[in-house]
Amino acid sequence: MELLITIVSGLFLLVGSFLCLSGGVGIIRFPDFYTRMHAVGVTDTLGSVMILTGLMMQSSDLLVIAKLIMVLLLILLVGPTTSHVLAKAAFHNGLQPKGLSTENKHNNKESSSSNT
Amino acid sequence: MLIGLFNNWVVIVLMMSGLYIVIAQGNLIKKLVGLTIFQTSVFIFYISMAKVSGGSAPILDQEISVYSNPLPHVLILTAIVVGIATTALGLSLVVRIKESYGTIEEEEIQQQDNLQNQKENKVEVKE
Amino acid sequence: MINIVLLSLLVVVAIGIIRMKDLFAVVMLTGIYGLLSASFFVAMDAVDVAFTEAAVGAGISTLLMLVVITMTGRKEKATRHKPFAALFVVVITGGLLVYGTLDMPLFGSADAPIHNHVAPRYLNDSMQEIGIPNVVTSVLASYRAFDTFGEVVVIFTAGIGVLAMLFAHRRREEDEKLAAINDSMHEKHLVIRIVTKMLIPFILLFALYVQFHGDYGPGGGFQAGVIFSSAIVLYAMLFGLSAARRVVNQGFIQLMAAFGVLCYGCVGIASLLNGGNFFDYNVLSNDPVAGQHLGILLIEWGVGVTVASIMIIIFFSFAGRREIQQYVEQNKNKESV
Amino acid sequence: MIAHLPILQVVIPLMAAPICLILNRSKLAWLFALIVSGVSCLVSILLLQQVMTTGVISYELGGWQAPWGIEYRIDELNALMLLIISAISTIVLFAAPKSIDKEIVKGKHTYFYVLYLLSLTGMLGIVATGDAFNVFVFLEITSLSAYALIAMGKKKQAVWASFQYLVMGTIGATFILIGIGLMYQMTGTLNMQDLSQRLPEVAQTRTVFTAFAFVIVGVCLKLAMFPLHLWLPNAYAYAPSIVTSFFSATSTKVAIYLLIRFTFSVFGLSFSFTTVPLQTLFMTLGLVGIFVASISAIYQHNIKHLFAYSSIAQIGYMIVGFSISSVAGLTATLLHLFNHALMKSAIFLALAAVAYRVGNVRLDSLRGLGRQMPLTMAAIVIGGLSLIGVPLTVGFVSKWYLLSALIEQGWWPVAVLILLGSMLAVIYVWKVVEVAYFKEPVGTPVKEAPIGFLIPIWILVLANVYFGIDTRFSVQVAQAAAESLFGGAL
């Protein structure tokens, strides 16, 4: 039983780290702000959730597990929100996704002065 | 010996990069950033001298026998507060400087001041 | 091993800061620098310090710098500086320091003088003398309580200093107009506002936990104060300064700042009146250890209150100044149109 | 309560600061600050008396023994410094309300008094404590309140001057922090007394040498010693007048105190002056400082700038006296410290009165003021004479002691240079006198300064003359302090 838990938690940790790493690669490899945001925002949340779950399995102390659950909830709540806000702020400031035609740029310039 | 002192040398490099920013850069916010880095590096220096190999955090527990030294921790807690206090005050000065000079570049401020001084002195000579 | 990795990362970040021209990036890197050094502190067993550094270096100071950048512009001008004079000073100072390290006790060695003169008493006797497991708290709040008092006064001074620099009276109509602008942005901030509303109570709760758990684990008045203020700051950022001011107004928050310092000092005065020296908690109660507990509880409370209110004051001053600047600019634009 | 005097000295103004904030009425805050400052002056007089009769007082904060807890330790030197700081603060505060009304925006008066009390607290705390790290904490209280107070000046240059001071001051304080850290690393203690006992064992190590260098450079930055003085003239010139007269008399003096305390008590005489070539270095820098600063003073158009440079020159005299490293030399330094506080606060307070009536303190605005504001200008003249070192003023006494200390060591050339330096003081003081008395007034005539200014100004001026004639008190205390420092006792 213990062996099983160790193996499963190890798997969780590995997958979590891989996801985080892939997010890191994405931030370098992707062409523009929005795709990069997408890479990090999605993988990081899931990755850290995986890592936290793995850690929870490793610990036997209830208090530690409770604390980790708190952290987990916080990440689930905050991670997506920050990605959303970042993307929104970028869009409001007139940053265009790569490949969009230049016509749209004109329309968005007016809103570029407003700032969060 | 080399490993034992290596930490200190890296910390010295950090301190000096902070000091370098303060002296060499003309932007006032950058100067404050430099000060922050300089101070933070000094904190790192203090904290690394408190470490005892194999020790653990100074929160007493029956199962642990070796602790790191708590005194530098206390000193640095105080010093961190001093640091943020200085930064906050410095930033408020930067805001005021921007309002009255219209710039936060050292050289431009210096120029404006020199001009002003020359003007005042000229008035004096005329009279 | 991990500390070498962290130190190298710190060096990389420092070099990045020197080379960057975009102030926004510089400020973010400074925040990262603070967070990295906090991680380093954890590796060095200094959990309390790490907590504080994370809250201050990566939190409050980054936030304040960002607010200031919105007022002063984010591009640094590429003017010619005097790198040689600076390099000269830096090389001399650094050289002297390296020279000084040569006779230092090695890193981590247990027989260094600092581990054998004053500190052992804290580790060995504080359990009997003060009776709380977190040695850092007992040194901070009892053995060297006066330093901490000084620390509270420093932060109080900074708060009053910032007020003296930036405080500006707002007229009612201005306030209402600014509030109206803010209300009109409700749609824009919908998601983040809702999430924040969910988070704020928990942040406040966490602050209280840190405040009262400081005797047993990392934490204490200062960290709690910063966390508490961060909840209010978050509220002010999203719901507008006017709304936040309705929750905590200027007069009240100044009163609280003064009250915290007085609360700390009065513990000292009380021990004077009970016949002990200043900050001698033993005389506060019949049982010395109970007296220590009481004293530490009260002064931590004082620290927390002062720090929280001063942080709020500082943020309000900066943000208030910014709103007024924007208001003035908008009016100018309207006139020119 | 007598046993608790050392801590009350610091805690009374400290606790008064938040109360002052709660009061939140300009006049009320002023009255309260004045009373508090007066009380702390009273406490310092009692402390001095006590020290002179019973010797060193030690006070353990929190009831913890010295190296574990923080100790307050008052000897003759500390007591003298405490008296200077609290007395000057009280006298200067007398004149505050009028000057503040004119120079600071209405809504910020309370903040001014709170910050003033805090800076007073900081200085008293630096002087009273016997713990090296506690010095750093209180140093920062003083510095932070000083930055804010200076930036409250009316002109826009005030903020910039304050920012420059902030950068320099923080670098200085961080240097001191590094120095303290290195000392702590070699000895394991922060208590000054304990440090002085444990440092000799490790005095030969390179680490202690580095610690010494960092502490000294840090203190010298705060001290505005030549060539680290660049922040001072602007900071003094653009600060509100009241702040200038308080700081010119006290803040650099506190730094000198720290210099003396660290070199003589903590590191010990033999380390500071034989292992390290401090004597030659400081003697040279002191002398060069006197000449450079005096000559710069001559070319200033703003009188506050002029006297700020003069302050740097006067610091040079103190440094020379200090570097003699004999009882006589140190006595001269301490005497000059006391006397310079008297003269500079008198002069800057008189300038505050001028600024109140005329609106600025440029040299050309002073024309003909000798007749329009006779009492104020007379105070400046007497203060100026004292700066030069004319007999019957305090300046003469300290110069006399300095010269005799130099001659005692046989250093004639230095003595001659000191005399030459005083001649430069004649030139810049004469510049002021010439404009004020021998030029025709221009513009609208002004009235004599109000009585609220004249009383404190003349108290200081009369003190200048009194201590120039009756030197028993000042010399006795200075000598006792110098001797106890050389006795090796902390």
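- If you measure heavy-atom distances from C:A164 to chain D, the contacts under 4.5 Å come from both the backbone and the side chain.
- If you run side-chain contact (heavy atoms from CB on, under 4.5 Å) between C:V153 and each of D:V137, D:L14, D:T121, only D:L14 comes through.
- Considering only heavy atoms from C-beta on, D:F133 comes within 4.5 Å of C:R144 through its side chain.
- Contacts between D:Y184 and chain C at a heavy-atom distance below 4.5 Å involve backbone atoms as well as side-chain atoms.
- For the residue pair C:L163 and D:Y111, the shortest heavy atom distance occurs at CD1-OH, 3.6 Å.
- Using bins of under 30°, 30° to 60° and over 60° for the plane-to-plane angle, the ring pair C:F146/D:Y72 lands in the perpendicular bin.
- Proximity of C:H117 to D:T187: side-chain heavy atoms (C-beta onward) are nowhere separated by under 4.5 Å.
- Shown here for D:L21 and C:A258, the closest heavy-atom pair between the two residues is CD2-CB, 4.2 Å.
- Remark: aromatic rings of C:Y143 and D:W64 are close, center separation under 6.0 Å.
- Of the atoms belonging to D:L118, it is side-chain heavy atoms, and not backbone ones, that fall under 4.5 Å from chain C.
- What you find for D:T207 and C:G100 is that their closest heavy atoms are OG1-O, 2.6 Å.
- Of all non-hydrogen atoms in C:P105 and D:M186, the two that sit nearest each other are CD-SD, 3.9 Å.
- Between D:I70 and C:D147 the shortest side-chain heavy-atom distance falls below 4.5 Å.
- Comparing C:I269, C:V261, C:I155, C:L262 by heavy-atom pairs within less than 4.5 Å of chain D, the highest count is held by C:L262.
- Residues D:Q185 and C:P113 have side chains not in contact (no heavy-atom distance under 4.5 Å, counting atoms from C-beta outward).
- Using a 4.5 Å cut-off between heavy atoms, D:L149 does not touch chain C at all.
- The environment of CZ in D:F209 is sparse: at most 12 heavy-atom neighbours from other residues, nucleotides or ligands sit within 6.0 Å.
- Counting only heavy atoms from C-beta outward, the side chains of D:L8 and C:L272 approach each other to under 4.5 Å.
- If you measure heavy-atom distances from C:F149 to chain D, the contacts under 4.5 Å come from the side chain alone.
- Residue D:F214 touches chain C through its side chain alone, counting heavy-atom pairs closer than 4.5 Å.
- Side chains of D:I178 and C:L97 form a contact here, defined as non-hydrogen atoms less than 4.5 Å apart.
- Contact of D:F136 with chain C is not made at all, since no heavy-atom distance falls under 4.5 Å.
- Contact annotation for C:Q254: both backbone and side-chain heavy atoms come within less than 4.5 Å of a heavy atom of chain D.
- Using a 4.5 Å cut-off between heavy atoms, D:L61 touches chain C through backbone and side chain atoms alike.
- Contact annotation for D:I104: neither backbone nor side-chain heavy atoms come within less than 4.5 Å of a heavy atom of chain C.
- With contacts defined as side-chain heavy-atom distances shorter than 4.5 Å, the pair C:R121/D:Q65 qualifies.
- Residue with the most contacts toward chain D among C:G161, C:A119, C:S271: C:G161 (heavy-atom pairs, distance under 4.5 Å).
- Heavy atoms only, all atoms of each residue included: C:V118 and D:G188 are closest at CG2-O, 3.2 Å.
- Proximity of D:R206 to C:M104: side-chain heavy atoms (C-beta onward) are nowhere separated by under 4.5 Å.
- Rounding to the nearest 0.5 Å places CD1 of C:I160 at 7.0 Å from CG of D:L115.
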Margin query: Checking D:F175 against C:T93 for the side-chain contact (heavy atoms from CB on, under 4.5 Å) test, could you report, in this order, the C-alpha distance in whole Å, the side-chain angles of both residues, the deciding distance, and whether it holds?
Written below: CA-CA 10 Å; D:F175 270 38; C:T93 332; 3.6 Å; yes
